[in-house]
Every structure is written in structure tokens, then in C-alpha cells.
There are 2 protein chains.
Amino acid sequence: MSERIKVYQQVISEIQRLIKEDGYLPGDKLPSERQLSVQLDAARSSVREALRAIELLGVIETRQGEGTYFRDYQTYHAVELLASFILQGSQIQEELQQAKKLLENHVLSVDSLSDQQLGQLMKILDEPSLSKGEKHHRFFLVFFKANDNQLLLKIWRLMQDFSENMEQKAYPDQYYFDILKKHKNTIE
Amino acid sequence: MSERIKVYQQVISEIQRLIKEDGYLPGDKLPSERQLSVQLDAARSSVREALRAIELLGVIETRQGEGTYFRDYQTYHAVELLASFILQGSQIQEELQQAKKLLENHVLSVDSLSDQQLGQLMKILDEPSLSKGEKHHRFFLVFFKANDNQLLLKIWRLMQDFSENMEQKAYPDQYYFDILKKHKNTIE
DNA sequence: CCGTCTTTATTGGTCAGACCAATTAACTAT
DNA sequence: ATAGTTAATTGGTCTGACCAATAAAGACGG
């Protein structure tokens, strides 16, 4: 009846706790698999199941002969994978777009941009080699950095990765130019 | 130099292909671990590493004695996981509060609440046994459900959980009553 | 003393097999 | 035909072994 808790799940929790309480930072090395198996009183195979799972998530990185390292965000592999399983056009996609837009609209309302940041924006829009998706990404990346909230940035990036793997309706170019114009006015 | 491809990653690809090409539908049963290990020419432990990884993503579901089943993905299991790692990496309380408030303000702008939902809100505010934190949670839960975006709800809940472990400045009672009054007016 | 080469130890990657636990399928007796 | 029992299937976990890649330690020649 009750949910059986598998060892590898527990190990994941332990590692999570370990990262949290011992204050692991991106780049730090985790204990070896053998050491973890002793430390957590689980077979190495179970530890590995846990590590492989969160490696797929992109939380850690493991290199043979070296060890396992806590990893900072970059593109999560899992996202691409998941996107292939998720049915396109489902409600998930709509919810995702809504959530993503919510964050984007939020950072757009940043007080003011520096001249340098405005320059970045213009440069991005002028770059013909960039795909629509990449333009969108880089464009808003400037705003997210201006907004200076790492958490929102990370969440947005996650959503961005997801939505890149699904078909999304692109904005017309005018959309970006309007934003840019608005912020130019704010400065003068 | 070149990226070593681990067996468990290959197995994941194989399973992915299997699901795609053989037209597996949610609920269908996958081959057993032992069968897969023969079929894909990999040790059972490697197959398990792959299965555990995509199980964590929420793509499949495994029950002891029964088997492994392809699952209808709709629970945002992976998002939850990823978010939990992101959140715990971001130690900055202020960012968390800002992000949480962003979501809350968003759902507050829902078009209209039903009479029943308004009733729920009033009941929550009138309940003296609830702590400040619980009141806040339940109060906004009504709005999140009215807004009908499972993803936002999930993210908010995660933030809620994380911020509960930190001291958060509580809102005065008037805050909630003002919201309630506003939505009452909208109805009439 | 320094840098280089060799050897050793550590660490992940993979495999094989064993045994337990839960479920399912098959069988048997009533 | 049904209920109860037994056997087979399937996942869960553990142990130990061996390979591969890297890192650490030691030996050697300059």
C-alpha cells in the first residue's frame, strides 16, 4: 500500500542533503562512489543508479578516473530527452509558455538599462546569423542579467531549454524593436 | 578527447527509439530488465541505471514484481526535481521571495473568482487555528487553482516549501482582506 | 634541486551472479 | 467453477570481480 522507497531514491535525497548542508559549490568534488556506498550504507550499484539519474538531470558531472563533480547550470540534457517524450501541443506547452512569458514580462520592467546593455540589444537584433530562437534567448538574457536575480534567470533558462525543444510561436521582429524603443525613451 | 558514451546512455537512446518506433503508448509495458539486457547486449545493471534515470524523469514507472510501464507524462516530475536543485543552490532568500511574489501577483490577476472560491477565501481568513504561514499558503492556493496552470502551481509550491525554512516577513491581515475585497467588487 | 619517467593507487565503467520481495501465472484439490 | 497452493516472472539490492582512465607517489637522471 504505502509507497516503497527505493534505495536509489534515498541516496538521491542524501546527496541532495549533502550538497545543501555541506555547502557544496559548483565545481566541487563529491565523495567517490565507493565512499558514498559506505557512508550511506548502500551498495555501490545503488549509489550508481542515483548518480546516473542526477547526472542525466545535469546536476552532476562524472568523469572516469577523476570523480564526480557538482555542476553549475548549463543546458540540462534531460530537457532534450524529455521533450521527445512529451506530446507536442498538449496543455503542458501552453502552461510552459505562460510561465515563461510571465518571467519575461517581469524582467522587461527593469528600471533602466545602461548604454552598454542597450548596445548589446541592438547588436543582437542586427545579427543575421542568429536563429529566431537564439535571438530571443540572448535578447532576454540581457534583461535577466540587468534584473540581477539569479534564481529567475535559472528558472527561465530551464523553461527556455524546454520550449526550444518544442515548437513555439515566434514573435515578430517588431516585438523586440518596440521593447528596445521603450527602454531607449526611458533613458533620455 | 571525444565524449565517451556510456552504456547507460546508449540504453536510454535505445529505449527512446523503442518507444518511438514500436509505438508505445502510455500504460504499455516495456520488456523486462533481463530481457532488455539481452536485447541491447548490456548488463542488467547498466539497463537499470538507464531505467532508473528515466524513471526519475517521470517517463516510466516501475513496480516490483510487475514490470516497467511507459507513463503519460503530465506530472512535471522532472521540473520539480530540477527546480529543487536550482532552488537549493540559490541561497539568496531575497531572490526567492521576489520570485515567489512574482508568481503570486500573477495569479491574483485572474479574471474572476466563483462564489465558491470567494467563500473558501473568507473561510480561510476566518479560521483562527491556522498559522500565518498556512493561511498564506491556502489563501493563494485558491488563486493558483483558479488560474489553472499546474506548472506555476508546482513551482510556487516548491518555493513555498523552501521559504518556509527561512523566516519570511508575514503580511498584515489587511493585505489579504484588500485582495478579497477587490475580487468581490469584480464580481458585482 | 628540478623536471621527467615509471609505478602505484584511486576512481569510475561494466559485467556476472546471487538472493530477496512482490506480483503474476499455473496448477491442484475440493 | 472456485479457492488455495505452488511455481515462474520481474524488479530490488548486494557482492565481488575486472577493465579503463586519471591522479598521486616514487624513482631516476640531469
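All chains are named by letter (A, B, ...) in the order of the sequence lines, taking the proteins before the strands, and each is independently numbered beginning at 1. The figures that follow rest on heavy atoms only: side chains count, while hydrogens, waters and symmetry mates do not.
Rounded to an integer number of Å, the gap from R63(A) CZ to dA21(D) C1' is 12 Å. Straight-line distance from the CZ atom of R4(B) to the C1' atom of dT22(D): 13 Å, rounded to whole Å. Rounded to an integer number of Å, the gap from CD of E61(A) to P of dT22(D) is 13 Å. The nearest whole Å value for the distance from the CD1 atom in I5(B) to the P atom in dA20(D) is 17 Å.
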Please output the side-chain donor-acceptor pairs of residues 133-143 of chain A that fall under 3.5 Å, not counting sequence neighbours, one pair per line with the distance.
{"unit_1": "K135(A)", "atom_1": "NZ", "unit_2": "L125(A)", "atom_2": "O", "d": "3.3"}
{"unit_1": "H136(A)", "atom_1": "ND1", "unit_2": "Y176(A)", "atom_2": "OH", "d": "2.7"}
{"unit_1": "H136(A)", "atom_1": "NE2", "unit_2": "E104(A)", "atom_2": "OE2", "d": "2.8"}

Which atom pairs, donor and acceptor, lie under 3.5 Å between side-chain atoms of residues 49-58 of chain A and protein residues at least two apart or in another chain?
{"unit_1": "E49(A)", "atom_1": "OE1", "unit_2": "R48(B)", "atom_2": "NH2", "d": "3.4"}
{"unit_1": "E49(A)", "atom_1": "OE2", "unit_2": "R48(B)", "atom_2": "NE", "d": "2.7"}
{"unit_1": "E49(A)", "atom_1": "OE2", "unit_2": "R48(B)", "atom_2": "NH2", "d": "3.4"}
{"unit_1": "R52(A)", "atom_1": "NH1", "unit_2": "E55(A)", "atom_2": "OE1", "d": "3.2"}
{"unit_1": "R52(A)", "atom_1": "NH1", "unit_2": "T62(A)", "atom_2": "OG1", "d": "3.3"}
{"unit_1": "R52(A)", "atom_1": "NH2", "unit_2": "E33(A)", "atom_2": "OE2", "d": "2.8"}
{"unit_1": "E55(A)", "atom_1": "OE1", "unit_2": "K6(B)", "atom_2": "NZ", "d": "3.3"}
{"unit_1": "E55(A)", "atom_1": "OE1", "unit_2": "Y8(B)", "atom_2": "OH", "d": "2.6"}
{"unit_1": "E55(A)", "atom_1": "OE2", "unit_2": "T62(A)", "atom_2": "N", "d": "3.4"}
{"unit_1": "E55(A)", "atom_1": "OE2", "unit_2": "K6(B)", "atom_2": "NZ", "d": "2.8"}

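Counting heavy-atom neighbours within 6.0 Å of D41(B) CG, excluding the residue itself, gives a total of 12 or less. Heavy-atom neighbours of D28(A) CG from other residues, nucleotides or ligands within 6.0 Å: above the threshold of 12.
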Pairs: protein N or O with nucleotides 23-26 of chain D N or O, under 3.5 Å:
none

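Annotation: salt bridge (Lys or Arg N to Asp or Glu O under 4.0 Å) contacts of D173(A) (sequence neighbours excluded): K132(A). Residues passing the salt bridge (Lys or Arg N to Asp or Glu O under 4.0 Å) test with K123(A), sequence neighbours excluded: none. In this structure E127(A) satisfies the side chain to side chain donor-acceptor pair (under 3.5 Å) test together with S129(A), sequence neighbours excluded. Taking the side chain to side chain contact (heavy atoms under 4.5 Å, CB included) definition, one finds that Y69(A) meets it with K29(A), R63(A), E66(A), sequence neighbours left out. Every side chain to side chain contact (heavy atoms under 4.5 Å, CB included) that K101(A) has, sequence neighbours left out, goes to N105(A), Y171(A). Residues meeting the side chain to side chain contact (heavy atoms under 4.5 Å, CB included) test with E21(B), sequence neighbours left out: R17(B). Under the side chain to side chain contact (heavy atoms under 4.5 Å, CB included) criterion, D148(A) pairs with no residue at all, not counting sequence neighbours.
In the 5' to 3' direction, nucleotides of DNA chain C lying under 4.0 Å from heavy atoms of chain B begin and end at dG13(C) to dT24(C).
Looking at heavy-atom distances under 4.0 Å, R34(A) makes contact with a base.
Looking at residues 41-54 of chain A, you'll see R44(A), R48(A), R52(A) sit with a heavy atom under 4.0 Å from some atom of DNA chain C.
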